[in-house]
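Keep in mind that this is a model prediction, so the values were computed, not measured. Values below: every heavy atom of this structure, side chains too, minus hydrogens, waters and symmetry copies.
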Amino acid sequence: MGGVTNRVALVTGAGSPNGIGFATAKILKDAGARIAITSTTDRIQERCDELGGTKNGVFACPADLTEAKAVVELCAQVEEALGPIELLVNNAGMVQTGRDEPSAPLHEVTDEKWRYSIDMSLTSAFMMTRAVLPSMMEQEYGRIVHISSVTGTLVGISGSTVYGVAKAGMLGMTRSLAIEAGSRNVTVNCVGPGWIHTGSSGEDEVTAGKFTPVGRSGTPEEVGHVAVFLASEEASYVTGQLIVVDGGNTIQEYKVALP
């Protein structure tokens, strides 16, 4: 069972102390991976310290993943510190510190909001994936895991059309790239979280979690464990897939309180 031991892993969007990205990074580190983390702000250094800091081989750096130059520089820094990136978890997404992006119906979405929202989730995943692929294909080993959503890929939410487009785009990219890179031992998969209780969850989202078959919201760690499996050697024959982590919510027609 090789798992992820000694593999160099980069997790994006890991700045929140109670988010999916940081939870995934912790699980990867505990499983023996060599960890690099990034977010849009300097708070990523706090997460680095929580993982043991640079003295324990953890690398952290803030970066704007919608900028090609910043992405190339980040990957170069990770490679210099830890080695070539072998595992990539694209978790960076819509929620950004210091910026409120309220939902809106599509006909009220401005050009600026469209570009910003697509860039945050989809363009950032594209930039990161494009940057690491050549090395992975040359080494003939790589695992790319996109943290997508059930929104856009399986269901929709009024007022969240742009979010759904971005997350569905991640799945489309996953399927095509899985075909392109499969012969080079590079797998590409999506995780589709449902109602997950993170630091950015609103009260309505927490309430919605109570109406799942499991009867509660999921935890970031429950998503992280699935992402880490897909990033492992054991998942070598799983590629181009969407693995849903939603407590069974998308399989039920009636959404009612449990008895």
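- Side chains of Val238 and Gln241 form a contact here, defined as non-hydrogen atoms less than 4.5 Å apart.
- Under the rule for a side-chain contact (heavy atoms from CB on, under 4.5 Å), the partners of Asp119 that lie at least two apart in sequence or sit in another chain are Thr66, Thr123.
- Taking OH from Tyr163 and OG from Ser149, the interatomic distance works out to 3.5 Å, rounded to the nearest 0.5 Å.
- Using a 4.5 Å cut-off on side-chain heavy atoms (C-beta onward), Ser16 and Thr198 make no contact.
- Listed here is the closest heavy atom pair of Val8 and Gly83: CG1-O, 3.7 Å.
- Cluster partners of Val150, by chain and number: Leu154, Val155, Leu171, Leu242, Val244. The rule joins Ile, Leu, Val, Met, Phe, Trp and Tyr whenever side-chain heavy atoms lie under 4.5 Å apart.
- The shortest non-hydrogen separation linking Ser124 to Met120 is OG-O, 2.6 Å.
- Contact of the Leu88 side chain with the Met136 side chain is registered, since non-hydrogen atoms from C-beta on lie closer than 4.5 Å.
- Just one of Val89, Leu74, Ile35, Leu28 meets the side-chain contact (heavy atoms from CB on, under 4.5 Å) condition when paired with Leu10; it is Leu74.
- Taking CD1 from Ile44 and OG1 from Thr12, the interatomic distance works out to 9.5 Å, rounded to the nearest 0.5 Å.
- Counting heavy atoms of neighbouring residues, nucleotides and ligands inside a 6.0 Å radius, atom CD of Glu221 exceeds 12 of them.
- Across Val109, Val162, Leu122, Thr161, a single residue satisfies side-chain contact (heavy atoms from CB on, under 4.5 Å) together with Ser117, and that is Val162.
- Interatomic distance, CD1 of Ile196 versus OG of Ser217, reported as 7.5 Å (0.5 Å rounding).
- Across every non-hydrogen atom of Ala31 and Thr5, the tightest pair is O-OG1, 3.5 Å.
- Between the Glu222 side chain and the Thr219 main chain, a donor and an acceptor come within less than 3.5 Å of each other.
- Counting heavy atoms of neighbouring residues, nucleotides and ligands inside a 6.0 Å radius, atom CD of Glu108 exceeds 12 of them.
- Between Leu65 and Met128 the shortest side-chain heavy-atom distance falls below 4.5 Å.
- Taken to the nearest 0.5 Å, the CD atom of Glu67 stands 7.0 Å off from the CE atom of Met127.
- For Thr187 (side chain) and Thr239 (main-chain N/O), no donor-acceptor pair under 3.5 Å exists by modelled atom type.
- Between Asn249 and Phe211 the shortest side-chain heavy-atom distance does not fall below 4.5 Å.
- Within the 4.5 Å cutoff, the side chain of His146 has no heavy atoms near those of the Val191 side chain.
- When Thr174, Asn90, Ile243, Thr153 are each tested for a side-chain contact (heavy atoms from CB on, under 4.5 Å) with Ser148, only one passes: Thr153.
- Between the side chain of Asn91 and the backbone N or O of Ile147, no donor-acceptor pair lies under 3.5 Å.
- Between Glu205 and Lys210, none of the side-chain N atoms (NZ, or NE/NH1/NH2) sits under 4.0 Å from a carboxylate O, so this pair counts as no salt bridge.
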(message) Could you walk me through whether Phe22 and Val11 satisfy the side chain to side chain contact (heavy atoms under 4.5 Å, CB included) test, starting with their C-alpha distance in whole Å, then the side-chain angles of each, then the deciding distance to 0.1 Å, before giving a yes or no?
(response) CA-CA 8 Å; Phe22 186 54; Val11 182; over 6 Å; no
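- Contact of the Leu177 side chain with the Val186 side chain is not registered, since no non-hydrogen atoms from C-beta on lie closer than 4.5 Å.
- Judged purely by atom type and a 3.5 angstrom limit, Glu79 has no side-chain atom pairing as donor or acceptor with the backbone of Cys75.
- Contact check on Glu233 versus Arg7 returns a salt bridge, with a Lys/Arg side-chain nitrogen under 4.0 Å from an Asp/Glu carboxylate oxygen.
- Glu50 has a carboxylate O that lies under 4.0 Å from a charged side-chain N of Arg47, or vice versa, which qualifies the two as a salt bridge.
- Rounding to the nearest 0.5 Å gives a distance of 13.5 Å between CZ of Phe229 and NE2 of His225.
- Scanning both residues, Cys48 and Ala60, for their nearest heavy atoms gives CB-CB, 3.5 Å.
- Checking side-chain atoms of Thr54 against main-chain N and O of Gly57 turns up no donor-acceptor pair under 3.5 Å.
- Between the side chains of Glu180 and Ser176, no donor-acceptor pair of N or O atoms lies under 3.5 Å.
- A donor-acceptor distance shorter than 3.5 angstrom exists from the side chain of Asn185 to the backbone of Glu140, with no hydrogens or angles considered.
- For Gln139 against Pro84, the heavy-atom pair with the smallest separation is NE2-CB, 3.7 Å.
- Minimum heavy-atom separation, Leu51 to Lys26: CD2-CG, 3.4 Å.
- A heavy-atom distance below 4.5 Å is found between the side chains of Thr212 and Trp195.
- In this structure, the separation between CZ on Arg143 and OG on Ser236 is 6.0 Å, given to the nearest 0.5 Å.
- For the pair Thr129 (side chain) and Phe126 (backbone), a donor-acceptor distance under 3.5 Å is absent.
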